[in-house]
4 protein chains.
Amino acid sequence: MLEQLKKEVYEANMLLPKHGLVTFTWGNVSGLDKETGLFVIKPSGVDYDQLTPGDMVVMDLDGNKVEGNYNPSSDTATHLELYKAFPDIRGIVHTHSEWATSWAQAGRGIPCYGTTHADYMYGEIPCVRNLTKEEIDEAYEKNTGVLIVEYFKDKDYISMPAVLCKNHGPFTWGKDAYDAVHNAVVLEEVAKMAARCELINPQALPAPQELQDKHYNRKHGADAYYGQ
Amino acid sequence: MLEQLKKEVYEANMLLPKHGLVTFTWGNVSGLDKETGLFVIKPSGVDYDQLTPGDMVVMDLDGNKVEGNYNPSSDTATHLELYKAFPDIRGIVHTHSEWATSWAQAGRGIPCYGTTHADYMYGEIPCVRNLTKEEIDEAYEKNTGVLIVEYFKDKDYISMPAVLCKNHGPFTWGKDAYDAVHNAVVLEEVAKMAARCELINPQALPAPQELQDKHYNRKHGADAYYGQ
Amino acid sequence: MLEQLKKEVYEANMLLPKHGLVTFTWGNVSGLDKETGLFVIKPSGVDYDQLTPGDMVVMDLDGNKVEGNYNPSSDTATHLELYKAFPDIRGIVHTHSEWATSWAQAGRGIPCYGTTHADYMYGEIPCVRNLTKEEIDEAYEKNTGVLIVEYFKDKDYISMPAVLCKNHGPFTWGKDAYDAVHNAVVLEEVAKMAARCELINPQALPAPQELQDKHYNRKHGADAYYGQ
Amino acid sequence: MLEQLKKEVYEANMLLPKHGLVTFTWGNVSGLDKETGLFVIKPSGVDYDQLTPGDMVVMDLDGNKVEGNYNPSSDTATHLELYKAFPDIRGIVHTHSEWATSWAQAGRGIPCYGTTHADYMYGEIPCVRNLTKEEIDEAYEKNTGVLIVEYFKDKDYISMPAVLCKNHGPFTWGKDAYDAVHNAVVLEEVAKMAARCELINPQALPAPQELQDKHYNRKHGADAYYGQ
């Protein structure tokens, strides 16, 4: 079932090592089939060089495994919460990519220092708080998703397709699994250049709002004119 | 038309990922045909691994597309302003290369800390100011070029073939498209070593003027003796 | 003799350059055969691209060479002390991997800033003191092992399979040679992200204890649920 | 003539891009034939991927070209001074490798923070002063060599086979061209880890003298026991 989606999710997962975003098995991509309400996700702890499309696990949005020989990613419950709350996304990525994770460990959002950032993500990339001990004990992965959803409840998850979880790492999303990986790559580049920007000039300020607006709108929305 | 120039511009564009200067489609190279006053530029938002020489877009210096199946790079208007104002250049490169962009985001010019820099670029690599909201709203890409030209109006664009645009990224130029790419690579190396130099010694000073002069003149001008 | 173990130790040694953990011959892996009490280790100063499984050296736990055409690694006496004191390990790695060594040179343990660290190593990765001149003169490599064992005498070497030796570099261990290499890779990633975390936020604090506990126990022990 | 030496010097030059020590043509290796008093060096400004053994240039120690189709490296006069003053070396390397050059630009010698450094180089790697305007005008490349020789006149150039030239970059040497490249690689690794060491702990101190002595003497001299 969902053979095409499994193939896409498999390919999107394989893009993570290709782009240098994962060490060992430290990442996972999922993709949602909107019609059936099922999503496909990488199995937990399986090496990337041994993955096949058929290894992908099919889940429903209640968290039940529908098909698959393996256990799904241990972060499945986080993906599930995001799919339920963000109706316009069909792909999610989690990694421990080194620069984004360094910001997450530092507990800081990433200011928008330039047009590379503004081309894809509108404003500061947020870093959400630690879960409490109670939230961890109750349902760690689920509550990670709940916390992200809570943060975005009065914000636009389309123009900010990324979040950092404090002392943990990033999640990104997109219109499909490939797009979510694309955003994970962008996040990593932006995180790297923001850190170096601050080393070069500790008093650096975010890009002027009009420049951020110009670049974001050059690529997104009704007046976009970038690309073909 | 301009088949040879299209091939050169295509090859020069392909050197950007080879040298690690671009992620995804974040860069563009153009080349000018001095006789016809036409220039050739990468199409907007097309993946590097799908580019062909025939995809290059031919433009005139009034900004009209003369030939091509694709829209030209969204930065075409910037290239055009530079070609009009700098009569001795025939190639231009824009990238978001990581170290040069980090300096641009930091809003600082790059001091000449050593001979690697002085071999190619004479003095501090400038960082031009942000455009105003009015300049952005009127014509963002064109005014980016106008601002660069304004900066260089009483300066030598030959001995300083690079500029940083604040909160954005670098442009470089040269005697042809390959040479402009060469300068983009040099800029990135120089930007990286200057940032690290300042971390190693926050009180570091630029190289003595006589050393900068020696190295620049060893490679450029009537008394050059580097190379064959 | 011990052909299978030689092959494993050979393969584990070859993983060091593959993962970018060694320059030239700056690393060594050993593996222990519990039944015979013999261990197999890389020969000293032999290039990785010339190694073969048959070049591995077989040692006993009294430090006698049992088989092999080459001298064993100059760090053999350190490995030996660890095998004698840590009954549940069967693989040891020493490298000069760049980030872990930078922390060792800085003389600091690596705080647990995030879940990447907590997934594998419980608490701060320790940095043990310099040996005294007397200890160096008496038996440098042996006393390096003695010092590590002394540090761990009231601690759990299973949940902390890594140590930094001040002004020197890291040792890691594991349930076999592959596992010890796995931990060496983790250590390097963790060391890199911890250094960058502190640059991004000099006031960064370790991850909350409950988050460290959650991640460590998600992957280890009776209640682990990561993987298959 | 000197076909074997040309081949060695060619191969040693090709190791520079292999080890990531050069961009474009920014480096050169030479090798000395002790019997004839001739040395072989890379031609100036020729791309590494177009070099052949036959392109190497043969020079005598008076600075005359003895054989070759190309001009020798522009740094030839520096090599020559070192060969004349350091009787026990037969290979020299100059690069603009990024970390060593960053230290040179910072105008600082590299403290011996650990055993990686002490295994190869005894004590702080020196950074010599800028040449004066008079020295530059008189004979830049020759006086670069004279300055290095002056620095080492009461020091041991064998146990410290490397130097940084302020605002310029490193030179290394060795018992042949390969060994000089080996030292250039070591220098770059040591420079990188020393810079990171200081970021991790700005109060870091050099390794204790007895540890430096132990490691240097473990690999060099009558009591060496590293390797085969």
Side-chain angles (χ1 to χ4, degrees), chain A residues 15 18-21 97-99 110-120 123-124 174 178-179 181-220 223-228, chain B residues 22-27 43-47 55 57 68-76 94-111 127 129-137 139-141 143-144 164-169 191-192 194-199 202:
Chain A
L15 288 174
K18 185 190 165 200
H19 284 291
L21 299 185
S97 67
E98 59 188 61
W99 286 99
I110 305 175
C112 180
Y113 285 123
T115 61
T116 319
H117 179 136
D119 276 338
Y120 289 91
E124 179 168 313
Y178 302 122
D179 190 43
V181 171
H182 197 97
N183 287 331
V185 175
V186 171
L187 172 62
E188 184 66 6
E189 287 298 306
V190 162
K192 178 167 58 182
M193 296 201 295
R196 289 171 175 169
C197 168
E198 295 188 351
L199 289 177
I200 293 167
N201 183 359
Q203 277 74 48
L205 295 175
Q209 191 59 45
E210 57 269 19
L211 182 62
Q212 295 188 38
D213 290 348
K214 177 65 187 178
H215 269 263
Y216 190 76
N217 293 323
R218 200 168 83 146
K219 281 197 142 176
H220 302 85
D223 297 328
Y225 58 92
Y226 181 94
Q228 303 299 326
Chain B
V22 298
T23 299
F24 298 130
T25 61
W26 307 349
S44 180
V46 176
D47 283 351
D55 295 336
V57 182
N69 298 318
Y70 286 111
N71 298 329
S73 164
S74 54
D75 298 306
T76 297
H94 172 55
T95 74
H96 291 230
S97 67
E98 59 188 62
W99 285 99
T101 300
S102 296
W103 281 87
Q105 292 188 164
R108 293 186 54 200
I110 305 175
C127 181
R129 67 168 170 82
N130 289 123
L131 294 178
T132 64
K133 185 168 191 316
E134 290 67 35
E135 291 167 328
I136 290 173
D137 289 346
Y140 172 62
E141 291 85 3
N143 284 334
T144 297
L164 307 178
C165 296
K166 189 163 187 287
N167 299 117
H168 182 32
K192 179 168 56 183
R196 289 171 175 170
C197 167
E198 295 188 350
L199 288 178

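By convention in this document, chain letters (A, B, ...) are assigned in the order of the sequence lines, proteins followed by strands, and residues within each chain are numbered from 1.
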Heavy-atom contact with chain A under 4.5 Å, split by part of B:Thr25: both

Within 6.0 angstrom of B:Tyr70 OH, more than 12 heavy atoms from elsewhere: no

Using a cut-off of 6.0 Å, state whether more than 12 heavy atoms not belonging to B:Asp47 lie near its atom CG. yes

Counting heavy-atom pairs closer than 4.5 Å to chain A, which one of B:Arg108, B:Lys166, B:Glu198 comes out on top? B:Arg108

Pair count under 4.5 Å, heavy atoms only, with chain A: among B:Gly45, B:Ala195, B:Ala106, highest is B:Ala106

Those residues at least two apart in sequence (or on a different chain) that pass salt bridge (charged side-chain N to carboxylate O under 4.0 Å, His left out) with B:Lys133 are B:Asp137

For B:Tyr140, all residues meeting ring-ring contact (aromatic ring centres under 6.0 Å, His included), sequence neighbours excluded: A:His215

Please look at A:Asp213 and chain B and tell me whether the side chain, the backbone, both or neither of the residue comes under 4.5 angstrom of a heavy atom of that chain. neither

Taking A:Gln228 for its side chain and B:Ser44 for its backbone only, find out whether a donor-acceptor pair lies under 3.5 Å. yes

Looking at A:Glu189 and B:Glu98, what are the two nearest heavy atoms and their distance? OE1-OE1, 4.2 Å

Nearest non-hydrogen partners of B:Asn167 and A:Tyr113, listed with the distance: ND2-O, 2.9 Å

Within the structure provided, determine whether B:Leu131 and A:Leu211 are in side-chain contact (heavy-atom separation under 4.5 Å). no

